[in-house]
Number of protein chains: 2
Amino acid sequence: MKLTIKDIAKMAGVSPGTVSKIINDTGSIGWKTKEKVLKIIEETGYQPSFSAKSLATKKSNLIGLIYAGEIDVDFNHPFFNQVINAFRKTIGQMGYDILVFSNNQFSKSNQDYLARCKHFQLDGCLIVAGDYIEDSIYELDQSSVPCLGVDIELTGPSSSYVTTDNSKASAKVVEYFYLHSIKEVAFIGGPEDSVISDIRKQGFLQSMNQLGMTVKPDWIQYGNYFEESGYQAMKSILANRPYPQAVFAASDMMALGAMKAIKDAGLNIPVDIKLVGCDDIEACRYSDPALSTVKQDKDKMGRLAAYMLNDLINGDTEPSSILVDPELVIRESSAVDTKKLSI
Amino acid sequence: MKLTIKDIAKMAGVSPGTVSKIINDTGSIGWKTKEKVLKIIEETGYQPSFSAKSLATKKSNLIGLIYAGEIDVDFNHPFFNQVINAFRKTIGQMGYDILVFSNNQFSKSNQDYLARCKHFQLDGCLIVAGDYIEDSIYELDQSSVPCLGVDIELTGPSSSYVTTDNSKASAKVVEYFYLHSIKEVAFIGGPEDSVISDIRKQGFLQSMNQLGMTVKPDWIQYGNYFEESGYQAMKSILANRPYPQAVFAASDMMALGAMKAIKDAGLNIPVDIKLVGCDDIEACRYSDPALSTVKQDKDKMGRLAAYMLNDLINGDTEPSSILVDPELVIRESSAVDTKKLSI
DNA sequence: TATATCCATGAAACCGATTTCCTTCAGTGT
DNA sequence: ACACTGAAGGAAATCGGTTTCATGGATATA
């Protein structure tokens, strides 16, 4: 039978209020009683009831995790999961647990994130996004619930976000090609209405222009971040000659798809076409050839997200945003000399 | 300001109890009042408070997700995450949300899973395991909390589990080799104290014996399921000649590590040594050569887990267990003729 | 028409904490 | 000695629901 605070109070010969004060270290309590009560708590293994506590305090110490967007972003997304994992560890240190919304098609009300936040009295939310803002995400963003976006630009009154400096990511890739005299480069983006993808595209175009490299319209294609779409996009690019000398894809999975298309066309990577992806997921290291990519510091993003969200919850800060610097990782798929580069 | 059940009651001119009965469809209520109240709820977007509700009912509609084990199993584990994802979708349909324990080193009490289950009044738990039973998992298993293990044999009074038929997995691999006259095969297992790994090993040894293939003790090595350990294990195996003709690793990641070691030794896969992994994670398809593996039906496992756990929670069933049949997927790394096999 | 039955609803206790306010009492200052 | 201060701890209201039980009216039975 579960112990309640009353049981503890009775055992210690004090009132429930006193026990509560001892547990939460509020009010003023003599050290003798304090010690006695603490001992009993220890011995009995008493744990205060979560629901009673959050009912009384209107706090939950729970962070909601929302996988947003049209795309099927979920527990096995190679990029977001690593961010989330770092987030989880850091936020755990601060005493929060994580509640995952089970994106239930079932009842319409489950789509309503704001309502669910209130329902659970969540202290805050982490929103990882396949980039696409749904109405109910927007509504949540604009509410007073502290929100932290990963790769999604939240603008609400108590929302911050962290994202990779995507413009710089593109610039680094373009510069790399430029330095090696590779001037004809194609781009495979995410969905056209995706903010992140658009930033990458704009960064790409801008760098290309600045460096005097021309961009062929046919060499700009769009996918949905996943493998198959990269394959198709690359097919389109290879539909007409001349071929580009290099391709930059806005996600590794699309790059891997593109890799397959290039191979299917009987071309060699990196000799005929060089290829660079984006994200640095694990599979890059195992592909043949190993995929060059723009590495996003996922651990750092996760940790930052945790700190920023905590600040937001405590009202320590105004909404803010942080751009994390990306790093270009050159592997075989864009190696510029004949000898293979090692990982 | 948040609406309470009393507000709704007042607006509808009925008592809170009546509203509650309407929401939960209990008791008997006239259709006119029912309709009136429902309309108001609809209009106001009223949502009952989670904490108040679970305080009163002692239920939470929450499932705890526990990543157990010594190994750092977490949000970016390629195998478990896919299982969890399928689980999440299915259990979501049933109206549950998922609470992730944030494995907080901080306070000792956070290690105590049972206490935390009671604290949150969880309806049940999903335990995915890096195979190693910690004391606090054992305690949880033996309690009355409904638990469902994935790849971990839970034996408690209200625990079920689902796992791949690991013995059969090994058998299929061995048989495959046997059929192609490959009789010298090495084995790289998980941690020696891991139950799952042991089953795979026993299955391996047994099949080998049955088919009259001899097993060299040096050809049995152990890792920790991760890449680096596979690399090391393979190094040991290659330390002495003769080399085995084939290697079966108990995880894909270890197989990928082994692949690297074999390449480093200047050997060719599959010509010199054939290699088969286990799990069928994504990276298998991208490695060079593409890795053969024993595929575990992760979606099915996740779905089954959800159904079984739900049954357990509703008291519909006795504890039970299901072994899911594995499937041997042959790719390039164990191809038996010269022409490359496609995926 | 009188009585038994049933349906719809309300009143109130309860779930297990927190928190405000109040009382008591010991110690201080004069 | 006497009022005063502040610390220690208790009583009770509260958070927002659920659930049991009682009650009054409508309907069915005799």
Side-chain angles (χ1 to χ4, degrees), chain A residues 1-38 40-41 44-62 95 109 115-123, chain B residues 1-38 40-41 44-62 95 109 115-123:
Chain A
M1 189 217 55
K2 191 143 191 306
L3 290 169
T4 75
I5 200 169
K6 281 182 198 149
D7 300 319
I8 303 296
K10 198 165 294 170
M11 295 172 76
V14 299
S15 78
T18 302
V19 176
S20 171
K21 283 166 199 156
I22 291 174
I23 293 176
N24 299 297
D25 210 22
T26 58
S28 71
I29 303 291
W31 68 271
K32 283 189 123 179
T33 12
K34 191 177 285 188
E35 200 147 291
K36 180 170 53 173
V37 171
L38 250 19
I40 294 180
I41 290 179
T44 55
Y46 162 74
Q47 277 253 334
S49 146
F50 166 75
S51 37
K53 180 166 195 158
S54 63
L55 176 58
T57 58
K58 294 169 173 309
K59 290 203 63 187
S60 64
N61 275 173
L62 244 34
S109 73
R116 303 184 82 200
C117 284
K118 295 203 165 152
H119 174 73
F120 287 112
Q121 279 165 168
L122 298 183
D123 292 351
Chain B
M1 188 219 57
K2 191 141 193 306
L3 289 169
T4 75
I5 200 169
K6 282 181 196 147
D7 299 319
I8 302 296
K10 199 165 294 171
M11 295 171 77
V14 298
S15 78
T18 303
V19 175
S20 170
K21 283 165 200 153
I22 292 174
I23 293 176
N24 299 297
D25 210 23
T26 58
S28 69
I29 303 291
W31 67 271
K32 283 188 122 178
T33 10
K34 189 176 286 187
E35 201 148 290
K36 181 170 53 175
V37 171
L38 251 20
I40 294 181
I41 290 179
T44 55
Y46 162 75
Q47 277 254 334
S49 147
F50 166 75
S51 36
K53 180 165 193 159
S54 63
L55 175 58
T57 59
K58 295 168 174 310
K59 290 204 62 186
S60 65
N61 277 289
L62 244 35
S109 74
R116 304 184 81 200
C117 283
K118 294 202 166 151
H119 174 74
F120 286 111
Q121 281 166 165
L122 299 183
D123 292 351

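Chain identifiers are assigned alphabetically (A, B, ...) following the order of the sequence lines, protein sequences preceding nucleic acid strands; residue numbering begins at 1 within each chain. Atoms considered below: every heavy atom in the structure, side chains included; atoms not considered: hydrogens, waters and symmetry mates.
Within the nucleic acid shown, A:F50 has no heavy atom closer than 4.0 Å to any nucleic acid atom. In this structure, B:T57 reaches the sugar-phosphate backbone alone: every heavy-atom distance under 4.0 Å involves primed, P, OP1 or OP2 atoms, never a base. In this structure, A:V19 reaches neither bases nor backbone, as no heavy-atom distance under 4.0 Å exists between it and the strands shown. Within the nucleic acid shown, A:S20 comes within 4.0 Å of at least one base atom, counting heavy atoms only. As judged by a 4.0 angstrom heavy-atom cut-off over every strand, A:G30 is placed among residues touching the sugar-phosphate backbone only. Here B:T33 lies in heavy-atom contact (under 4.0 Å) with sugar-phosphate atoms only.
Closest contact between the side chain of B:T18 and the listed nucleotides C:dG10, D:dG10, D:dG17 involves C:dG10. You'll find that the side chain of B:S15 is closest to C:dG10, out of C:dG10, D:dC15, D:dG10. When distances are taken from the side chain of A:A56 to each of C:dG10, D:dG17, C:dA17, the shortest belongs to C:dA17. Of the candidates D:dC15, D:dA7, C:dA8, C:dA8 carries the atom nearest the B:S28 side chain, counting heavy atoms from C-beta on.
For B:K6 and D:dG17, the shortest distance from a side-chain N or O to OP1 or OP2 is not below 4.0 Å. Applying the 4.0 Å criterion to OP1 and OP2 of D:dG16, one finds that B:T4 has every side-chain N and O outside that range. Distances shown here put every side-chain N or O of A:Y46 at or beyond 4.0 Å from the OP1 or OP2 atom of C:dG16. Distances shorter than 4.0 Å separate some side-chain N or O of A:K58 from OP1 or OP2 on D:dG16.
Looking at A:L62 and A:F50, their side chains come closer than 4.5 Å, going by heavy atoms from C-beta outward. Looking at heavy atoms from C-beta onward, B:N61 lies out of side-chain contact with B:K53 at the 4.5 angstrom threshold. Between B:V14 and B:V37, the closest side-chain pair of non-hydrogen atoms falls below 4.5 Å. Looking at heavy atoms from C-beta onward, A:K118 lies out of side-chain contact with B:Q47 at the 4.5 angstrom threshold.
Counting only Watson-Crick and G-U wobble pairs whose two key distances fall under 3.5 Å, DNA chain D forms stems of three or more stacked pairs at C:1-30 with D:1-30.
Computed from coordinates, the A:Q47 CD to C:dC15 P distance equals 20 Å when rounded to whole Å. As rounded to whole Å, 17 Å separates atom P of D:dG16 from atom CG of B:N24.
Here the rule is side chain to side chain contact (heavy atoms under 4.5 Å, CB included) with A:L38, and of A:E35, A:K34, A:K36 only A:K34 fits it.
The base of C:dG10 is paired with the side chain of B:K21 by a donor and an acceptor separated by under 3.5 Å.
Residue-to-nucleotide proximity on DNA chain C shows that, of B:W31 and A:S49, the 5′-proximal contact is made by B:W31.
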